[in-house]
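This structure is a prediction, so every number in the text was calculated from the model and none was measured. No hydrogens, no waters, no symmetry mates; every other heavy atom, side chains included, goes into these values.
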Amino acid sequence: MKRVAAMLLALLATQAQAGFQKDREAFDKRQTELDLRCESAREAKLAPLREAAFQDCMRTTRNSRAENECRRKTAGENGNRAGGTPRFYDLPACVEAFEHKRQRP
């Protein structure tokens, strides 16, 4: 009787673990989708800032490699404010991704 009970408990534990793993995978997949939507929305907002930074760099850089240097310098522009945080994480897609992450099981 004890052996049957132990086997039944082991079987239930294995099934529960598989269920938790499946839930975690679904959560992670959804989080990835939301993060990509957030970064895509941020990218759309950051593109004009990068272009403005590039144009500003081109106005101030006077050498034969100016365009390549300015592209390299401004490619990573992520909207950081002096003494602040990166911009555009307050977009609805980013808020949704953040809220989802907070619900992590």
Side-chain angles (χ1 to χ4, degrees):
M1 182 69 164
K2 286 183 179 182
R3 183 172 247 200
V4 172
M7 288 175 40
L8 183 58
L9 283 174
L11 178 64
L12 290 173
T14 302
Q15 288 177 343
Q17 181 64 24
F20 290 137
Q21 181 67 26
K22 189 175 180 181
D23 289 346
R24 253 192 312 264
E25 289 171 2
F27 181 92
D28 291 345
K29 181 180 179 196
R30 177 74 174 141
Q31 188 65 54
T32 299
E33 291 168 359
L34 292 171
D35 288 343
L36 289 173
R37 284 183 41 208
C38 169
E39 289 307 318
S40 178
R42 284 189 75 238
E43 186 63 33
K45 291 283 197 171
L46 288 169
L49 296 177
R50 284 191 185 117
E51 183 59 28
F54 171 75
Q55 294 301 329
D56 189 42
C57 180
M58 288 297 290
R59 281 192 290 279
T60 60
T61 304
R62 305 279 185 223
N63 64 45
S64 61
R65 299 179 310 222
E67 184 173 353
N68 287 338
E69 281 183 30
C70 290
R71 288 277 178 220
R72 182 185 53 77
K73 287 180 183 177
T74 60
E77 174 66 42
N78 70 359
N80 282 347
R81 296 171 276 205
T85 58
R87 291 184 180 167
F88 308 122
Y89 280 110
D90 58 345
L91 293 168
C94 296
V95 171
E96 183 180 5
F98 176 74
E99 290 299 323
H100 186 264
K101 188 176 284 188
R102 287 182 52 201
Q103 297 170 6
R104 183 166 200 90

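For the atom pair CG (D56) and NZ (K73), the distance works out to 10.5 Å, reported to the nearest 0.5 Å. The distance from the CD atom of Q31 to the CZ atom of R24 is 15.0 Å, given to the nearest 0.5 Å. Note that NZ of K45 is 15.0 Å distant from OH of Y89, once rounded to the nearest 0.5 Å.
A distance-only check finds no donor-acceptor pair linking the side chain of R37 to the backbone of C94 [under 3.5 Å]. Judged by distance alone, the side chain of S40 and the main-chain N or O of L36 form no donor-acceptor pair under 3.5 Å.
A salt bridge between E96 and K101 is absent, with no side-chain N of the basic residue lying under 4.0 Å from a carboxylate O of the acidic one. Taking a cutoff of 4.0 Å between a charged side-chain nitrogen and a carboxylate oxygen, K22 and E25 do not qualify as a salt bridge. By the 4.0 Å N-to-carboxylate-O rule, D35 lies too far from R42 to be salt-bridged with it.
Legend: residues meeting side-chain contact (heavy atoms from CB on, under 4.5 Å) with N63, ordered by chain and number and at least two apart, are T61, R65, A66, E69. For E67, the side-chain contact (heavy atoms from CB on, under 4.5 Å) partners are F54, M58, R71, not counting sequence neighbours.
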Intermediate values then yes/no, side-chain contact (heavy atoms from CB on, under 4.5 Å), E33 and H100: CA-CA 11 Å; E33 291 168 359; H100 186 264; over 6 Å; no

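Taking the side chain as every heavy atom from C-beta outward, T74 and E51 never approach each other to under 4.5 Å. Two residues are said to be in side-chain contact when any heavy atoms from C-beta on lie closer than 4.5 Å; F98 and C38 fail this criterion.
Across all their heavy atoms, D90 and V95 have their closest contact at O-CG2, 3.6 Å. The two residues F27 and R104 come nearest to each other via the heavy atoms CE2-NH1, 3.2 Å.
One hydrophobic cluster, built from ILVMFWY side chains closer than 4.5 Å, holds both L46 and L91.
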